[in-house]
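One structure is given here, and the rest of the page talks about it.
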Amino acid sequence: MAREFSLTPRSVAPVETKYRRIATAFPVPESLPILEALHRTEPIAMQGQPPVVWDHGEGFRVFDKWGNAWIDWSSGVLVTNVGHGRPEIIEAIVKQAQSKLLTNYCFPSEIRARLTTRLSELMPEPMKKIFLLTTGSETIECAIKLCRANGVKEGGRRKNVIVSFEKAFHGRTLGSQQAGGIPALKEWIVNHDPGFVQVPFPDGFRTPDTSFDFFQKCLSDAGIHAANVAGVILETYQGGSASFAPVEYMRQMREWCTAHKALLVCDEVQAGFGRTGTLWGFEHYGIKPDLTTWGKGVSSSLPLAFVAGRPDVLDLFPAGSMTSTHTGNPVCCAAALASIDVVLKEDLAGNAQRMGAILHEQLHALKAQYPQIGWVDGKGLVAGVACVKPGSLEPDGDLAFEIVRRSVEKGVLMFSPVGFAGGTVKISPPLVINEEALRESCAVLAECFAEATAEARP
Ligand code: PMP
């Protein structure tokens with residue numbers, strides 16, 4: 001099976017339901033000039049997603065210009081927590097744009113003060129200082145910088161080790177990629193910083209030993225002394241599989257970090273703002289990190305990300321030395337304020353929890369039916385369906401790709417498979433999805449598994 005989306009239209013069975021509409025061929029023939037223009041002018045690395053040419057989005061649906069409609073299981077890439085094209089966000093953006101303040105660097109502005117105040121009030125102690133940035137990777141770079149600066153302050157220059165986890169994803173810049181745990185993505189880095197160390201993530205699936213003792217053993221096997229650790233960085237759940245660490249493991253991690261004066265950093269870029277059925281992902285662990293990094297769902301739209309953390313840590317650098325040109329862009333701030341209001345007013349964490357219960361029940365039923373599903377993980381409205389060769393833990397990236405391809409052709413939009421060897425089908429609809437659309441899209445997923453596994457049989 002080829003793992004590339006072909007640009008040659010194939011005829012597909014037409015679909016017409018209340019929420020989905022797919023005409024007779026995919027990719028849509030009229031969309032080809034746009035797809036070809038992108039292929040001509042963008043790097044090949046941009047070509048990984050299903051060739052659906054987005055025109056607009058509304059709630060949990062995405063539309064092209066030619067009358068086709070998808071139930072969205074991607075949220076872009078876990079961005080549109082409050083739904084696509086929310087009128088409240090559009091209105092806030094337009095109002096801010098019309099005020100003629102489109103940028104203001106680090107000069108003070110009222111809208112930036114409103115957002116940092118709102119976030120600081122919402123965040124639990126001790127995460128009361130807020131540093132606005134633009135992308136998730138940028139927040140991770142900042143967290144690394146703060147961990148190391150704090151490490152040097154607490155224990156001298158040897159206290160610089162950043163511990164993170166195998167199979168983690170924290171972004172594509174030099175530091176965030178070194179904190180990541182996917183070796184293939186780091187092959188371009190020839191001069192690895194020895195201060196970045198990864199240990200197995202306690203997912204209970206590929207790492208059966210989920211004890212905290214195992215964490216300590218892996219560190220000492222790697223020759224790392226706890227005293228030299230500046231920070232431990234983990235995704236609140238691992239994006240590649242939607243796996244959480246055990247609660248007890250995280251409680252011990254919290255104590256261990258405190259005991260060794262290492263900062264505990266939760267990367268909430270995917271997990272924040274209701275996605276997992278709680279407002280913040282780390283709530284599931286009953287712990288408070290020292291630093292947190294956020295992006296994606298904070299605005300449900302325009303690029304805005306931030307670091308929230310302990311004031312003494314965020315204040316380690318003097319005035320003028322932690323800046324970014326687009327920090328707290330006024331239009332992005334307006335979008336974020338509007339999105340946060342919707343998350344809270346509509347209790348979207350609650351909806352994620354209620355809809356998530358249905359989603360996970362459906363996925364577990366599917367797993368019981370197919371030995372090709374090795375593991376289903378996640379909470380709330382994020383789930384990972386790990387495709388494996390039956391009877392083994394060997395990932396089956398071809399099957400995962402087939403599932404996504406078929407699903408998109410049937411009107412349920414997903415991004416390409418993620419995780420170890422591209423074996424995970426990731427499900428992350430906007431948090432406003434209703435039960436009818438959720439059940440309909442789960443039925444489509446079941447159809448895809450039935451067809452793809454039947455076809456794979458000799
Ligand atoms: N951390 C996590 C957990 C992510 O999922 C991502 C993006 N997928 C990032 C960091 C990087 O964010 P960005 O793409 O905005 O740089």
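Atoms within each ligand, like the ligands themselves, are counted from 1 in listed order.
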Fill in: Result of checking L78, I427, L431 against V382 for side-chain contact (heavy atoms from CB on, under 4.5 Å)
L78
Fill in: side chain to side chain donor-acceptor pair (under 3.5 Å) partners for R148, two or more places apart
D193
Fill in: Expected output: side-chain K410 to main-chain V444 donor-acceptor under 3.5 Å
no
Discussion item. At less than 4.0 angstrom from any atom of ligand 1, which residues have a non-hydrogen atom? List them by chain and residue number.
Written reply: T135, G136, S137, F169, H170, G171, E235, D267, V269, Q270, K296
Worksheet item: Donor-acceptor pair, E91 side chain versus E88 backbone, under 3.5 Å?
Response: no
Worksheet, complete the sentence: In T236, T292, T139, T293, the residue satisfying side chain to side chain donor-acceptor pair (under 3.5 Å) with D267 is T293
Fill in: Stepwise side-chain contact (heavy atoms from CB on, under 4.5 Å) check, Q47 with H39
CA-CA 7 Å; Q47 288 173 21; H39 279 215; 3.5 Å; yes
